[in-house]
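To keep things clear, I will list the structure first and then write my remarks on it.
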Amino acid sequence: MHIFAVANQKGGVGKTTTTVNLAAALALQGQRTLLVDLDPQGNATMGCGVDKRTLAHSVYHVLLGLSELAATRVASPAATFPARFDVLPANRDLAGAEVEMVSLDRRETRLKAALGEHRSDYDFVLIDCPPSLSLLTLNGLCAAHGVIIPMQCEYYALEGLSDLVNTIKKVHANLNRELRIIGLLRVMFDPRSTLSRQVSDQLEQHFGDKVFSTLVPRNVRLAEAPSYGLPGVVFDRTAKGAQAYLAFAAEMVERVRNWKETL
Ligand code: ADP
Ligand code: MG
């Protein structure tokens, strides 16, 4: 089981879109996949077709030890066979977890502990982190083997990246020796924009093979899909954005395969 956190403390940079579409695309490729929504906004939950307003239990209950993961996860109704995957959903309850977890034991590793009991259930676990470097994100980073960082190719893209990288380094040093940055994913890319191309080139120069070769273009079909409760790759598989996420899933599977060989 490979666990990846999709993180970037900025909002609106494509974390949720990436998590939902990668989960569905991996499922389409036959990978047993679980999506964990760690954002109280519950956008990933809704984007998978799960109604966040009617949940009896959510990731909040799992983090606080009030419910088992097995009794809390749901199958994404959006993704019928063959694109079946599970969702550990979230809603506004999760906003309270931050404060309530402070007094608990091992508060950074509660998600890790919950996932540990299900090591043989999945090939991939993808964690959609909130737009902050909070205790919730910390739980995501402590549970993960790697971090996927979606980046918009715009002028301020690199600003704040060092805060995230420093947080990842600290987690690596103190809490999770397994954690590493798997890669930077360029999203909402506009090939006609000079700035987009410049920033993309800059990322390649600075981060080399840490930049995924897949480029996700700006594509309105990806933005429309959540309002139908569907991942973009299920909503319109032929759209350019969906095609990119399908390619990204293949790239991830390949990376994980090479990774195993080097271990
Ligand atoms: P985050 O989770 O980082 O806040 P989202 O994935 O919710 O970011 O994306 C922010 C907004 O941008 C959403 O409205 C989403 O539909 C839209 N979006 C994300 N990726 C793309 C894309 N490649 N093309 C067009 N719109 C996108
Ligand atoms: Mg989000």
Side-chain angles (χ1 to χ4, degrees), residues 4-25 35-50 52 58-59 78 87-92 94-95 98 126-134 136-137 139-141 144 147-154 156-161 163-164 167 183-193 195-197 199-200 203 211-249 251:
F4 298 111
V6 179
N8 187 325
Q9 76 276 29
K10 289 190 189 180
V13 295
K15 289 182 291 297
T16 299
T17 305
T18 295
T19 315
V20 170
N21 282 287
L22 180 58
L35 181 152
V36 178
D37 191 352
L38 267 192
D39 188 338
Q41 293 181 81
N43 291 344
T45 299
M46 296 295 277
C48 296
V50 177
K52 65 180 178 185
S58 67
V59 68
V87 181
L88 183 56
N91 58 24
R92 288 187 55 192
L94 189 57
E98 198 76 45
L126 303 176
I127 305 168
D128 186 27
C129 293
S132 62
L133 296 173
S134 60
L136 289 172
T137 296
N139 261 270
L141 296 178
V147 189
I148 296 167
I149 307 175
M151 305 270 304
Q152 239 175 302
C153 292
E154 54 166 48
Y156 293 111
L158 291 165
E159 199 174 273
L161 185 60
D163 292 337
L164 177 59
T167 301
L184 275 64
L185 177 67
R186 293 164 288 179
V187 299
M188 297 187 232
F189 184 75
D190 178 2
R192 288 160 307 180
S193 146
L195 180 63
S196 231
R197 290 199 311 269
V199 174
S200 167
L203 286 174
V211 180
F212 289 109
S213 44
T214 307
L215 267 162
V216 179
R218 188 175 285 283
N219 178 240
V220 69
R221 301 297 270 170
L222 287 175
E224 288 168 353
S227 61
Y228 297 87
L230 293 172
V233 298
V234 176
F235 177 59
D236 181 357
R237 208 206 257 223
T238 62
K240 283 217 166 77
Q243 291 291 313
Y245 277 113
L246 289 164
F248 180 46
E251 189 177 356

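We use all heavy atoms of the structure for the numbers below, so side chains are in, but hydrogens, waters and symmetry mates are not. Atoms within a ligand are numbered from 1 in the order they appear, just like the ligands themselves.
The minimum heavy-atom distance between Thr214 and Leu185, with the atom names listed, is O-CD1, 3.7 Å. Here the closest heavy-atom approach between residue Pro150 and residue Ala7 is recorded as CD-O, 3.5 Å. Among all heavy-atom pairs drawn from Leu22 and Ala249, the shortest one is CD1-CA, 3.6 Å. Between Thr19 and Ile127, the shortest heavy-atom distance links the atoms CG2-C, 4.2 Å. The two residues Leu222 and Gly241 make their nearest non-hydrogen contact at CD1-CA, 3.6 Å. Gln152 and Arg218 get closest at one heavy-atom pair: NE2-NH2, 3.5 Å.
For Asn43, the heavy-atom gap to ligand 1 stays at 4.0 angstrom or more. Under a 4.0 Å heavy-atom criterion, Val187 is not in contact with ligand 1. Under a 4.0 Å heavy-atom criterion, Pro217 is in contact with ligand 1. Using a 4.0 Å heavy-atom cutoff, Pro131 is absent from the residues neighbouring ligand 1. Taking a 4.0 Å cut-off on heavy atoms, Gly11 registers as neighbouring ligand 1.
Contact atoms of ligand 1 toward Asn219: 22 (C), 24 (N), 25 (C) (distance under 4.0 Å to a heavy atom of the residue). Residue contact check: Gly12 has heavy atoms under 4.0 Å from atoms 1 (P), 3 (O), 4 (O), 8 (O), 10 (C) of ligand 1. Every atom of ligand 1 is numbered from 1 in the order shown, and the set under 4.0 Å from a heavy atom of Ala223 is 16 (O), 26 (N). Taking a cut-off of under 4.0 Å to the non-hydrogen atoms of Leu222, the atoms of ligand 1 that pass are 22 (C), 23 (N). Counting the atoms of ligand 1 from 1 in the order shown, those under 4.0 Å from a heavy atom of Val216 are 23 (N).
Distances between N or O atoms of Thr16 and those of ligand 1 include at least one value under 3.5 Å. Of the N or O atoms in Gly14, one or more lie within a sub-3.5 Å distance of an N or O in ligand 1. Considering backbone and side-chain atoms together, Val220 places no N or O closer than 3.5 Å to any N or O of ligand 1. Considering backbone and side-chain atoms together, Lys15 places an N or O closer than 3.5 Å to an N or O of ligand 1.
With respect to atom 12 (O) of ligand 1, the closest heavy atom belonging to the protein is Met188 CE, 3.9 Å.
Nearest residue to atom 19 (C) of ligand 1 from Thr17, Val13, Asn8 is Thr17 (criterion: closest heavy atom).
Within a 4.0 Å radius of atom 21 (C) of ligand 1, the protein contributes one or more non-hydrogen atoms. Atom 14 (O) of ligand 1 is never approached by the protein to below 4.0 angstrom, counting heavy atoms only.
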Inset, instruction - Would you please test Val199 and Glu154 for side-chain contact (heavy atoms from CB on, under 4.5 Å) and show each step? - result: CA-CA 6 Å; Val199 174; Glu154 54 166 48; 5.8 Å; no
Inset, instruction - With side-chain contact (heavy atoms from CB on, under 4.5 Å) as the test, would you mind laying out the steps for Asp37 and Val59 before giving the verdict? - result: CA-CA 7 Å; Asp37 191 352; Val59 68; 5.6 Å; no
Inset, instruction - Before giving the answer on side-chain contact (heavy atoms from CB on, under 4.5 Å), spell out for Leu158 and Leu203 the whole-Å C-alpha distance, their side-chain angles and the decisive distance to 0.1 Å. - result: CA-CA 8 Å; Leu158 291 165; Leu203 286 174; 3.5 Å; yes
Inset, instruction - Step by step, work out the side-chain contact (heavy atoms from CB on, under 4.5 Å) result for Ile149 and Leu161. - result: CA-CA 9 Å; Ile149 307 175; Leu161 185 60; 4.1 Å; yes
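Neither side chain, Thr137 nor Gln9, offers a donor N or O lying under 3.5 Å from an acceptor on the other. If you check the side chains of Thr16 and Asn43, you find no donor sitting under 3.5 Å from an acceptor.
Taking the six-membered ring where the residue is Trp, Phe248 and Phe212 present perpendicular rings, their angle passing 60° and hence far from 30°.
Put simply, the residue from Asn219, Val20, Thr17 that forms a side-chain contact (heavy atoms from CB on, under 4.5 Å) with Tyr245 is Thr17.
For the Mg ion (ligand 2), the count of nearby protein N, O or S atoms, meaning those under 2.8 Å away, is 1.
Other residues, nucleotides and ligands contribute over 12 non-hydrogen atoms within 6.0 Å of the CZ atom of Arg197.
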